[in-house]
Asker: 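Here it is, the structure, as structure tokens.
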Amino acid sequence: MTEQQTQQRIDENWQFVQQQVRETLLDCGRGPDSVRIIGVSKYVDETLTRALTSAGCRELGESRPQLMWQKSQAMQDVTPLSWHMIGHLQRNKVRRSLRCKPMIHSVDSERVLSAIAKEAVLQNICINVLLEVNISGDEAKTGFLPDTLESVLEPRKRSGIEICGLMAMAGWGTDRTAARKQFEKTRELRDRLQLATGNPLPELSMGMSGDYQDAIRAGSTMVRIGSSLFDGVIERK
Ligand SMILES: *Cc1c(COP(=O)(O)O)cnc(C)c1O
């Protein structure tokens, strides 16, 4: 594939996903701008990541901190551009990661939450975070168990961070019906937590290439799309 063909294919993929998102929103009576598409660039190098930004995607998700550091450093000429950390973040990677001023979707323990808050105060910034919830209850999955979230939200206001909502993934190998139920459960949990704690939680990060339309129907406000955007350009993961 030539560079031009690659760009064209990524342009088409980006247009297609946007179209699917718009149609789904229309279909379920939600506003056309009520979902943001986070382009997950974790499968590709800087060149293809740039191609995605050229197609129009200006919010990128990475699951490995080091790759986010490298790409954000290398792509400072691309503006506007914002970063989303969607994979597990170890405390010793918090400091460097905050320099990219990412939204962090994958906060999965009180310890990492406190570390982010502390470092953000030191850097004099405020970081938007989401609490990752283990909605399927899989032992192997990361994230807070639903019952533990109320106490995490108890200190109403913490310096350095703003808890904006929840992130969830459907469990491994769940069929479509089960996945849909898990998305619904996440939204209900969010609604309950808002009421119980008085903490507004407007964001729900749910939905990937295989299930984003169901996630949007359940109330997702951010979909994290990787493979669909690189269809025909890289091996499908
Ligand atoms: C890789 C990844 C995605 C994107 O998955 P696709 O199925 O390729 O769209 C979304 N969320 C998280 C947390 C991921 O690690």
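Positions are given from 1 along the sequence. Indexing begins at 1, ligand by ligand and atom by atom, following the structure's order. Heavy atoms only: backbone and side chains are in, while hydrogens, waters and symmetry mates are out.
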Asker: Please determine if Ser63 has a nitrogen or oxygen closer than 3.5 Å to a nitrogen or oxygen of ligand 1.
Answerer: no
Asker: Between Asp175 and Arg180, does any NZ, NE, NH1 or NH2 come within less than 4.0 Å of an OD or OE carboxylate oxygen?
Answerer: no
Asker: When you compare ligand 1 with Gly226, is there at least one nitrogen or oxygen pair between them that comes in under 3.5 angstrom?
Answerer: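 It does: an N or O of Gly226 is found under 3.5 Å from an N or O of ligand 1.
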Asker: Any ion pair linking Glu3 and Arg50 (charged N to carboxylate O, less than 4.0 Å)?
Answerer: no
Asker: If you compare all heavy atoms of Ile125 against all heavy atoms of Lys101, which two are closest, and at what distance to 0.1 Å?
Answerer: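 Closest pair (atom of Ile125, atom of Lys101, distance): CG2-CE, 3.7 Å.
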Asker: Using a 4.0 Å cut-off to any heavy atom of Ser227, which atoms of ligand 1 qualify?
Answerer: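 Those qualifying, in numeric order: 6 (P), 7 (O), 8 (O), 9 (O).
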Asker: Charged N to carboxylate O below 4.0 Å: is that the case for Lys71 and Asp45?
Answerer: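 Between Asp45 and Lys71 there is no salt bridge, as every charged N stays at least 4.0 Å from the carboxylate O atoms.
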Asker: Show me which atoms of ligand 1 lie under 4.0 Å from any heavy atom of Tyr43.
Answerer: 1 (C), 5 (O), 6 (P), 8 (O)
Asker: Please could you name the atoms of ligand 1 that Arg224 approaches to less than 4.0 Å, counting only its heavy atoms?
Answerer: 4 (C), 9 (O), 10 (C), 11 (N), 12 (C), 13 (C)
Asker: In terms of side-chain geometry, is the basic nitrogen of Glu150 or Arg192 positioned less than 4.0 Å from the acidic oxygen of its partner?
Answerer: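 Not counted as a salt bridge, because no side-chain N and carboxylate O are separated by less than 4.0 Å.
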Asker: Using a strict 4.0 Å cut-off to heavy atoms of Ile225, name the atoms of ligand 1 that fall inside it.
Answerer: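 This gives 9 (O) as the contact atoms.
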Asker: Is Lys42 touching ligand 1 with its side chain, its backbone, both, or neither, if touching means heavy atoms under 4.0 Å apart?
Answerer: side chain
Asker: I want to check something: taking the side chain as every heavy atom from C-beta on, are Pro102 and His84 in contact at a cut-off of under 4.5 Å?
Answerer: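 A side-chain contact is absent here, since even the closest heavy-atom pair is not under 4.5 Å.
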